[in-house]
There are 2 protein chains.
Amino acid sequence: MSRGPNKKFEPEVALGKAMEVFWLRGYEAASLTELLQNMGISRKSMYDTFGNKQSLFLKALEQYAQTRLRSIREQLLASGSALNNIEQLLKSMQKTHGKPGSTGCMLGTCTADFNTSDVEIAPVLRSYYNRLENIYYEAISQAQTEGELNPQASPRDLARMLLCTTQGMALVGRVLDSETIPQSVVKMTIEALKKS
Amino acid sequence: MSRGPNKKFEPEVALGKAMEVFWLRGYEAASLTELLQNMGISRKSMYDTFGNKQSLFLKALEQYAQTRLRSIREQLLASGSALNNIEQLLKSMQKTHGKPGSTGCMLGTCTADFNTSDVEIAPVLRSYYNRLENIYYEAISQAQTEGELNPQASPRDLARMLLCTTQGMALVGRVLDSETIPQSVVKMTIEALKKS
DNA sequence: CAAAACTTAAACCAATTAGTCTAGGTTGTA
DNA sequence: TACAACCTAGACTAATTGGTTTAAGTTTTG
């Protein structure tokens with residue numbers, strides 16, 4: 001057994017704080033100084049624990065994605081009708097991204113933030129989008145088997161539409177000061193699903 | 001009349017080159033060095049002509065938006081059916097954003113790049129989104145009066161859906177290496193319009 | 001108690017940033 | 001021809017960046 005005390009700060013908590021800064025500012029614009037201030041730890045501890053800025057970011061992005069994907073999956077797999085769960089999810093997104101000062105989705109922000117040819121980050125983002133698409137796919141399929149959606153429609157196509165529409169809403173919402181656009185988008189998206 | 005030669009370089013051409021760099025890299029990551037190299041002018045000329053980096057960026061963004069908006073408007077107002085023009089526009093976007101190495105829409109990239117509370121840039125982006133929404137609105141209205149779309153549907157809602165869906169497709173396309181997602185999105189969007 | 005594991009604060013480094021300024025060259029016109 | 005307008009190249013500044021290292025202090029445990 002090793003001697004001495006264990007880590008005093010909670011790496012996961014500090015990582016969460018770092019995530020908030022990256023989410024708000026983006027990778028480049030998030031300075032070490034601001035990151036450390038929010039994380040509440042010293043420079044040394046950060047480098048000892050997380051390696052460097054890029055790997056800190058990748059860990060923060062991973063935590064964001066897992067938290068977000070789990071939350072969405074839970075909302076979609078809640079008891080009751082699958083279609084209703086999709087509607088409720090979209091409504092909650094409408095509210096979130098319609099708020100002034102909303103920061104959108106961290107995946108989307110990073111998708112814009114990084115050079116498209118960045119071989120380090122692009123595959124990570126692509127994989128998260130795939131997982132998100134698959135979550136939508138499952139929910140739509142379930143709504144179909146429950147008889148709530150047209151069984152002839154392609155759940156794969158619908159899931160992809162849902163993916164891009166919500167990402168677009170989250171992105172545009174960053175500069176909006178009213179809920180009108182998200183309202184329209186969610187309304188039309190739900191109609192599109194039902195009429196598919 | 002003033003003496004001496006007029007400007008040797010074309011400010012609009014140089015601005016276009018700057019725009020390309022900003023588009024590819026984003027505001028922060030676009031260094032003066034890279035900008036000047038692409039613009040093909042000296043540091044001094046840039047500061048004399050454009051002021052500083054931020055105003056260079058704002059001018060580049062304005063040029064991008066005007067070029068882009070005009071192009072979209074032209075495609076939508078082309079001769080023939082309004083609905084068909086919308087379809088053709090979406091198909092061209094599908095192709096563009098499905099290409100590996102696609103850089104998305106500069107408006108979207110900047111929307112993610114800047115701090116949401118940036119009072120300088122947020123209103124500019126918001127205004128561009130409004131203009132884009134209005135262009136879609138006109139096209140949809142025309143398709144309705146031409147009897148190609150359900151006249152009961154709200155062209156405002158549909159225009160907003162189109163806005164967010166295309167922005168999302170452009171954004172996600174930055175990390176994609178195949179056309180499958182844009183294909184699905186465009187297919188579903190056209191269906192949604194027709195069934196609205 | 002003493003050593004190990006952990007912590008912070010701050011000094012430090014090399015590189016890069018946006019922006020300014022100067023010196024010298026070219027070009028066109030009064 | 002002489003001067004004004006424009007140009008480039010590059011030196012320079014002041015600040016900031018990510019990252020490293022050092023020194024000193026704290027806590028736990030063998």
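- Backbone-only contact: B:Ala30 has heavy atoms under 4.0 Å from sugar-phosphate atoms and none from a base.
- Residue A:Glu34 contributes atom CD, which lies 14 Å from atom C1' of D:dT17 at whole-angstrom precision.
- A:Asp48 places its CG atom 11 Å from the C1' atom of C:dA5, with the value rounded to the nearest Å.
- Between the P atom of D:dG18 and the CZ atom of A:Phe57 lies a distance of 14 Å, rounded to the nearest Å.
- In this entry the distance linking CD1 of B:Ile41 with P of C:dG25 reads 22 Å, nearest Å.
- The distance from atom CG of A:Leu193 to atom CD1 of A:Ile140, rounded to the nearest 0.5 Å, is 5.5 Å.
- Looking at the side chain of A:Ser42, the nearest of the listed nucleotides D:dC7, C:dA18, C:dT8 is C:dT8.
- A distance-only check finds a donor-acceptor pair linking the side chain of A:Glu146 to the backbone of A:Ala82 [under 3.5 Å].
- Distance from the side chain of A:Arg43 is smallest to D:dG19 among C:dT8, D:dT17, D:dG19.
- Picking from C:dG19, D:dG18, C:dT7 the nucleotide with the shortest atom distance to the side chain of A:Ser45 gives C:dT7.
- Atoms CD (A:Gln37) and C1' (C:dT8) sit 14 Å apart, rounded to a whole Å.
- Rounded to whole Å, atom P of C:dT17 lies 11 Å from atom CG of B:Leu35.
- For B:Leu32 and D:dG10, the CG to C1' distance is 14 Å, given to the nearest whole Å.
- Residue contacts for B:Gly51: at a heavy-atom cut-off of 4.0 Å it reaches no nucleic acid atom on any strand shown.
- Nearer to the 5' terminus of DNA chain D, by closest-nucleotide assignment, is the contact made by B:Lys44 (compared with the other of A:Tyr47 and B:Lys44).
- Using modelled atom types, no side-chain atom of B:Asp157 and backbone atom of A:Met188 make a donor-acceptor pair closer than 3.5 Å.
- A salt bridge is defined here as a Lys NZ or Arg NE, NH1 or NH2 lying under 4.0 Å from an Asp or Glu carboxylate O, and B:Glu28 with A:Arg25 fails to meet this definition.
- Under the 4.0 Å criterion applied to side-chain N and carboxylate O atoms, A:Glu133 and A:Arg156 are assigned as salt-bridge partners.
- Using a 4.0 Å cut-off, no side-chain N or O of A:Thr33 falls inside it from OP1 or OP2 of D:dT16.
- D:dT17 atom P lies 9 Å from atom NZ of A:Lys53, rounded to whole Å.
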